[in-house]
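Numbers restart at 1 for each chain; the letters A, B, ... are given by sequence-line order, proteins then strands.
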Number of protein chains: 2
Amino acid sequence: MSIKDEVSDKYSLRGRVYNRIREDILDGRYNNNDELKEIAIGEELGVSRTPVREAFRQLELEGLISIIPNKGAYVTGITVKDVKDIYMIRSKLEGLAARWAVDNITPEQMEEMEENIYLSEFHAGKNHTDQIAELDNRFHEIIYEACNSKMLENQLREYHEYVLRVRRKTLSKSGRSTKSTEEHKMIMEAIKSGDRDLAEKTANDHVINAYENMVKNGLYEAYPSDEKRNGDKNGQD
Amino acid sequence: MSIKDEVSDKYSLRGRVYNRIREDILDGRYNNNDELKEIAIGEELGVSRTPVREAFRQLELEGLISIIPNKGAYVTGITVKDVKDIYMIRSKLEGLAARWAVDNITPEQMEEMEENIYLSEFHAGKNHTDQIAELDNRFHEIIYEACNSKMLENQLREYHEYVLRVRRKTLSKSGRSTKSTEEHKMIMEAIKSGDRDLAEKTANDHVINAYENMVKNGLYEAYPSDEKRNGDKNGQD
DNA sequence: CCATGAATAATTGTATACAATTATACGAAA
DNA sequence: TTTCGTATAATTGTATACAATTATTCATGG
């Protein structure tokens, strides 16, 4: 499938341009629908249009910008509904990853997971939001690695980018971190005990809980720009 | 996320190069690890290196080729395990799509679905493999459209490319088409009756059955080139 | 014969030049 | 004033030129 490691190539000009624009978008330094001009970006980074254009093509495929032929490249926003869909999809895929991790996790990965949770419990008690966010990311990364599927791993990483993007816009209110760590612990214990069904289910639920918490804490305020089209009606679950 | 419609741009040189190489790869006209030279491809299509390079960058992100900096672009193969993982992931996502379709399918889409199944039953009885394959694709497309999620739709389409790729290598032995149509019918009826859980479950099972059928009919002969690394052990389900 | 390494060729990476398309400015007519 | 159309500028699309890197050839020495 896709992404990331193949692209990196951090030491070519194109790679640097790609990473730079990508970061800027994910960090919210552009607004939705901002136009990216090849020359302007090239001058800013001291390169010609060629590597910029190539970077654009990749960013387009990744969905971070959209290119209209002969017109320009525009930063693409994601809607409230997109965010919801991503979380629902992630719920399923994280469940699958946790299930597969049961059979494939290494002792070292298991160890890191336990340590991760131990540290999380500490920081959750003190509201160290940066450390908590970092540990949270890492917990999921461990599962991605442990599931032993390059396909699934790549897919989940790709979605994770979007999560980071959203997280930057929604404040991380307290309360969640403790509960989140508890959920991580449940997933970990299910994996450790070899219970595939339980691992899958707890991971499913964890992602959905994270989503619901985000909604409560103002997702809709952070992303007011939903499209009108058919409305947001795939929701009853 | 990704893919396809944004890329198309069929009337630019880059778009034509992209589509051409893409088709060639998916149609199996290249072997695994074949090297793609910018100049050679450019001359073949009568264009310069610039649009070829841009097309390469997109194909790389799509996973169809892999670019090694300063060396070249190589057609990437997928392994037996990759195929399996894709089907397992698809099982979950098709289930989700069917679930969402319950709440979002339009009368027109429902009608097309019923017609699709009616025709499939006819052709399945006569072993019209081409028509059956076409109808099968279309059945899934309808669900993708009906789920009303651009995110999920794009994702499933991307995976579908891989399925087509595999299908071209594995012979479609008889027997399956009748059973497949029956399964489509079950999905359709679940959607029609508004039973979300059933729709999800029947779609889940359908994809897994398709996979198991493929294994029986020689997937492992068609894709002998699995990597050795950690072996294929995430399998007990 | 094989191994080594320098010279050469081939190929990719980047910059620039030119063509095609789209956006903008501005004046004339209603 | 507003609207329309043309001229101009700005921007993207493509081709080509040059630089940097990698592959190949082939002579030399062991």
Could you check how far NZ of Lys37(A) sits from P of dT22(C), rounded to whole Å?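 Interatomic distance, NZ of Lys37(A) to P of dT22(C): 16 Å.
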Partners of [X] by ring-ring contact (aromatic ring centres under 6.0 Å, His included), sequence neighbours excluded?
| X | value |
| --- | --- |
| His140(A) | His184(A), His206(A) |
| Tyr87(A) | Tyr211(A) |
| Tyr30(A) | none |

Quick one: label Ile68(B) by what it contacts on the DNA or RNA (base, sugar-phosphate, nothing), any heavy atom closer than 4.0 Å.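 Contact class for Ile68(B): none.
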Once ring pair (Phe, Tyr, Trp, His ring centres under 6.0 Å) is applied, what residue pairs with a partner in residues 39-77 of chain A remain, sequence neighbours excluded?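 Not a single pair qualifies under ring pair (Phe, Tyr, Trp, His ring centres under 6.0 Å).
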Which residue is it: Asp103(B), Ile142(B), Ile105(B)? I am looking for the one with a side chain to side chain contact (heavy atoms under 4.5 Å, CB included) to Ile191(B).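 Of the listed options, the one satisfying the test is Ile105(B).
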Can you sort out the partners of [X] under side chain to side chain contact (heavy atoms under 4.5 Å, CB included), two or more places apart, ordered by chain and number?
| X | value |
| --- | --- |
| Glu111(A) | none |
| Arg20(B) | Asp24(B), Glu44(B), Leu45(B) |
| Glu54(A) | Arg14(A), Thr50(A), Arg53(B), Glu54(B), Arg57(B) |

Start and end of chain B contact along DNA chain D [non-hydrogen atoms, under 4.0 Å]: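 Result: dT14(D) to dA23(D).
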Residues from residues 38-49 of chain B sitting under 4.0 Å of DNA chain C, heavy atoms only?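 Hits under 4.0 Å, by residue number: Glu38(B), Arg49(B).
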Please compare Asn70(A) and Leu13(A) by the position of their nearest nucleotide in DNA chain C and report the one closer to 5'.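 Counting from the 5' end, the first nearest nucleotide belongs to Leu13(A).
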